Amino acid sequence: MDEKLLIKDILKGNTSAFSYFDYAYQDMSITIAYRVCNNMQDAEDITQDAFVKAFHNLHTFRLDSKFSTWLYRIVYNTAITHTRSTFYTSEYVDYTEINNQTSDWNVIDNIENAEKKETLNKALEKLPKDSALILTLFYLNENPIKEVVQITGLSEANVKVKLHRARKQLANILTVMLNR
C-alpha cells in the first residue's frame, strides 16, 4: 500500500485508515520503546502514546521522508521523555514474533530459531540501552544509517561509532554466553 496516499486519505477524514500504521509498525515501536525503558508494560504505554501523538500531528509529516522513520523518532523521543521522569525495572521481552505454525518437518528448525532469538535477546539485554537500540534499528529493523540518525537524533559519525562498538560488545557477550 502506498503510505503517502494513505496519509492524504487520513488527513481528508478517513481516520480509520490509521490502523494500517498501527498494524505495520507496532512491533518495532514497542521494541524501540523497550530498548529505552527496559519495561514491557511501559514500552506498550509509550508506544500507544507515540501513536496518539503521531495521529494528532500527522498534518506536520513531510511526505518527502518515510513514515516509519518519522514515527520511530516520535517513539524514541516519547520513550526518552518517559524514562527521564520515571525509574524502570528490567523485564524480559521477545522483540520478534515466533511463528507458532509448526509441522513435522520444521519443528527442530523452530526450536533452534527460538533458542537463537532467546540467546540474542539475552545478549542485547546485557548491552547499554543505546547500543541495543542502535543494533535493533540497524540489523533487526534493517534501517539504513541515515534513518537511524533521523530516529535517534545522533550524528551519522556518532551512529557509526556506536554501531561499531555495539557490534564488538555484542560479539564479546555472545562469546562468553556460548562458551559457558
Side-chain angles (χ1 to χ4, degrees), residues 21-22 24-55 57 60-62 65-98 113-180:
F21 296 113
D22 184 47
Y25 300 116
Q26 184 173 17
D27 290 341
M28 182 51 65
S29 296
I30 289 173
T31 300
I32 292 168
Y34 179 77
R35 293 285 175 232
V36 174
C37 72
N38 286 331
N39 183 296
M40 187 57 170
Q41 184 176 0
D42 290 332
E44 290 171 352
D45 292 342
I46 289 167
T47 300
Q48 184 176 2
D49 290 346
F51 272 93
V52 170
K53 287 179 185 179
F55 179 77
N57 293 300
T60 66
F61 174 67
R62 295 181 307 225
S65 65
K66 288 176 65 175
F67 178 81
S68 61
T69 303
W70 181 74
L71 175 65
Y72 294 155
R73 175 69 181 198
I74 294 171
V75 172
Y76 177 75
N77 287 337
T78 303
I80 292 293
T81 301
H82 208 59
T83 301
R84 287 181 181 153
S85 64
T86 311
F87 177 77
Y88 292 96
T89 58
S90 183
E91 177 181 314
Y92 176 79
V93 66
D94 184 10
Y95 53 85
T96 58
E97 211 174 290
I98 297 173
N113 287 337
E115 289 173 356
K116 288 176 186 176
K117 288 176 184 177
E118 184 177 348
T119 301
L120 180 59
N121 199 23
K122 287 179 181 178
L124 284 169
E125 290 291 322
K126 294 180 180 187
L127 288 172
K129 293 178 193 177
D130 61 336
S131 297
L133 175 66
I134 287 175
L135 287 172
T136 300
L137 288 172
F138 188 75
Y139 287 108
L140 300 178
N141 198 42
E142 299 178 354
N143 286 353
I145 296 282
K146 290 187 187 289
E147 287 185 31
V148 176
V149 166
Q150 290 178 333
I151 292 168
T152 62
L154 300 170
S155 69
E156 186 171 333
N158 199 351
V159 168
K160 288 179 180 179
V161 168
K162 286 182 178 279
L163 186 60
H164 176 73
R165 289 180 183 162
R167 279 190 291 246
K168 282 187 171 186
Q169 289 174 321
L170 183 63
N172 291 337
I173 291 169
L174 285 171
T175 300
V176 169
M177 288 175 67
L178 297 175
N179 288 330
R180 287 185 182 179

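Small disclaimer: the values here were computed from a predicted structure and weren't measured.
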For this session: Starting from the C-alpha separation in whole Å, work towards a yes-or-no answer on side chain to side chain contact (heavy atoms under 4.5 Å, CB included) for Thr136 and Ile32.
Result: CA-CA 8 Å; Thr136 300; Ile32 292 168; 5.6 Å; no
Problem set entry | Contact check, side chains of Met28 and Ser68, non-hydrogen atoms, under 4.5 Å | no
Exercise. Excluding sequence neighbours, so at least two apart, what forms salt bridge (Lys or Arg N to Asp or Glu O under 4.0 Å) with Lys66?
Worked result: Glu147
Problem set entry | 4.5 Å side-chain heavy-atom contact, Ile30 and Met40 | yes
For this session: Mind listing the closest non-hydrogen atom pair of Lys53 and Ile74 along with its distance?
Result: CB-CG2, 4.1 Å
Problem set entry | Where Ser29 and Tyr72 come nearest, the two heavy atoms and their spacing | OG-CE2, 3.6 Å
For this session: Evaluate the side-chain proximity of Val159 to Phe138: yes if any heavy-atom separation is below 4.5 Å, no if none is.
Result: no
Problem set entry | Rounded distance [0.5 Å steps], OG1 in Thr31 versus CD in Gln26 | 10.0 Å
Exercise. Of all heavy-atom pairs between Gln150 and Arg73, which one has the smallest distance, and what is that distance?
Worked result: O-CD, 2.9 Å
Exercise. Between Phe21 and Tyr25, what is the ring plane arrangement, given parallel below 30°, perpendicular above 60°, and tilted in between?
Worked result: parallel
Problem set entry | Side chain proximity check, Leu163 to Lys160, heavy atoms < 4.5 angstrom | no
For this session: Dump the intermediate steps for side chain to side chain contact (heavy atoms under 4.5 Å, CB included) on Arg35 and Glu125, then the final yes or no.
Result: CA-CA 8 Å; Arg35 293 285 175 232; Glu125 290 291 322; 3.5 Å; yes
Seminar exercise, completed: What one should report as the nearest heavy-atom pair of Ile46 and Val75 is CG2-O, 4.1 Å
For this session: I would like to know whether Thr47 and Phe51 meet side chain to side chain contact (heavy atoms under 4.5 Å, CB included); could you show each step before the answer?
Result: CA-CA 6 Å; Thr47 300; Phe51 272 93; 3.4 Å; yes
Problem set entry | Under 3.5 Å donor-acceptor, Lys162 side chain and Ser131 backbone | no
Exercise. Is Gln48 atom CD crowded by more than 12 heavy atoms from other residues, nucleotides or ligands, each under 6.0 Å away?
Worked result: no
Exercise. Do Val148 and Ile145 have side-chain heavy atoms sitting under 4.5 Å apart?
Worked result: no
Problem set entry | Nearest non-hydrogen partners of Leu120 and Leu170, listed with the distance | CD1-CD2, 4.1 Å
Problem set entry | Nearest-0.5 Å distance that lies between atom CG in Leu133 and atom CD1 in Ile80 | 8.0 Å
Seminar exercise, completed: Closest non-hydrogen atoms of Ala50 and Leu71, given as atom of the first, atom of the second and distance, are O-CD1, 4.4 Å
Exercise. Considering only heavy atoms from C-beta outward, does the side chain of Ile151 approach that of Asn141 to under 4.5 Å?
Worked result: no
Exercise. Does Asp42 offer a backbone N or O that forms a donor-acceptor pair with the side chain of Asn39 under 3.5 Å?
Worked result: yes
Seminar exercise, completed: Across all chains, not counting sequence neighbours, the ring pair (Phe, Tyr, Trp, His ring centres under 6.0 Å) partners of Phe55 are Phe18
Exercise. Does Arg165 CZ have over 12 foreign heavy atoms under 6.0 Å away?
Worked result: no
Exercise. Taking only residues two or more places apart in sequence, or in another chain, which ones meet Lys168 in a salt bridge (Lys or Arg N to Asp or Glu O under 4.0 Å)?
Worked result: none
For this session: Decide yes or no for Leu154 and Asp130: does some side-chain heavy atom of the first lie under 4.5 Å from some side-chain heavy atom of the second?
Result: no
For this session: Evaluate the side chain to side chain contact (heavy atoms under 4.5 Å, CB included) criterion for residues Asn143 and Thr69: first the C-alpha distance (whole Å), next the side-chain angles of each, then the deciding distance (0.1 Å), finally the verdict.
Result: CA-CA 9 Å; Asn143 286 353; Thr69 303; 5.8 Å; no
